[in-house]
Amino acid sequence: QVQLVESGGGLVQAGGSLRLSCAASGRTFSSAGMGWFRQAPGREREFAAAISRSGGSTYYADSVKGRFTISRDNAKNTMYLQMNSLTPEDTAVYYCAADNRGSYLLSRSYNYWGQGTQVTVSS
């Protein structure tokens, strides 16, 4: 069993930064890849970033590449998403996903999900 809790969301101005955290509990935290997904109002949940089990490989959606950085600290059972140069298009609920068992791009490949944290970027 894995439990995930996101934090760090909030309201920021365009051009600002936020750092999201995903605190995980359970024995499988270091066993598989993890990712961040986001869902904007009226849109489907979309892939944002993913990271391999050990943190050695990272993957980004084109929409966030160069602005977002995913990382994980397995000793702290925590995954992070550093978001820089935020724009209103980044406004969404951001979800932490864990235990990837397939394509990192697909939400159905993850077995555990957090409740989400709201990120709102004002213009």
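Here the structure is a predicted model, which means the values were calculated and not measured.
- Without hydrogens or angle criteria, Asn74 side chain to Arg53 main chain gives a donor-acceptor distance under 3.5 Å.
- Atom CG of residue Asn100 and atom OG of residue Ser52 lie 10.0 Å apart, to the nearest 0.5 angstrom.
- Hydrophobic clustering of Ile, Leu, Val, Met, Phe, Trp and Tyr side chains at less than 4.5 Å, counting indirect connections, keeps Tyr104 apart from Val2.
- A side-chain donor-acceptor contact under 3.5 Å links Thr91 to the backbone of Val121.
- By the 4.5 Å heavy-atom criterion applied to side chains, Tyr59 and Leu105 are not counted as neighbours.
- Minimum interatomic distance between Met79 and Gly35 (heavy atoms only, all atoms of both residues): CE-O, 3.4 Å.
- Cluster membership check: Tyr112 shares its hydrophobic cluster with Met34, using side-chain heavy-atom separations under 4.5 Å among Ile, Leu, Val, Met, Phe, Trp and Tyr.
- Here the closest non-hydrogen pair linking Asn111 and Arg101 is ND2-CG, 3.4 Å.
- Atom CG of Asp99 sits about 10.5 Å away from atom CD of Gln1, to the nearest 0.5 Å.
- Rounding to the nearest 0.5 Å gives a distance of 13.0 Å between OH of Tyr95 and CG of Leu4.
- In plain terms, the two heavy atoms of Thr78 and Ala23 that are nearest each other are OG1-CA, 4.3 Å.
- For residues 78-123, the disulfide bond (SG atoms under 2.5 Å apart) pairs, not counting sequence neighbours, are Cys22-Cys96.
- Sorted by first and then second residue, the disulfide bond (SG atoms under 2.5 Å apart) pairs with a member in residues 40-93 form an empty list; sequence neighbours excluded.
- Looking at residues two or more places apart in sequence or on another chain, you find no ring pair (Phe, Tyr, Trp, His ring centres under 6.0 Å) involving Tyr94.
- Residues Val119 and Leu20 meet the side-chain proximity criterion, which asks for heavy atoms closer than 4.5 Å.
- Under the salt bridge (charged side-chain N to carboxylate O under 4.0 Å, His left out) criterion, Arg45 pairs with no residue, sequence neighbours left out.
- Here NZ of Lys65 is found 9.5 Å from OG1 of Thr58. Values are rounded to the nearest 0.5 Å.
- Shown are Asp90, Thr117, Val93; of these, the side-chain contact (heavy atoms from CB on, under 4.5 Å) with Arg38 is made only by Asp90.
- Annotation: Tyr60 is not in aromatic contact with Phe68 [ring centroid separation under 6.0 Å not met].
- Between the Glu6 side chain and the Gln115 main chain, a donor and an acceptor come within less than 3.5 Å of each other.
- Between Gln82 atom CD and Leu18 atom CG the span is 8.5 Å, to the nearest 0.5 Å.
- Linking ILVMFWY residues whenever their side-chain heavy atoms come closer than 4.5 Å, directly or via other members, leaves Tyr80 and Trp113 in distinct clusters.
- Residues satisfying the salt bridge (charged side-chain N to carboxylate O under 4.0 Å, His left out) criterion with Glu89, sequence neighbours excluded, are absent altogether.
- The CD atom of Glu44 sits 9.0 Å away from atom OG of Ser107, with the distance rounded to the nearest 0.5 Å.
- Close placement of the Tyr110 and Phe37 rings is indicated, their centers lying within 6.0 Å of each other.
- Across all their heavy atoms, Ala92 and Ala40 have their closest contact at CB-N, 3.7 Å.
- Legend: residues meeting salt bridge (charged side-chain N to carboxylate O under 4.0 Å, His left out) with Arg43, ordered by chain and number and at least two apart, are Glu46.
- The nearest pair of heavy atoms linking Ala48 to Val64 is O-CG2, 3.3 Å.
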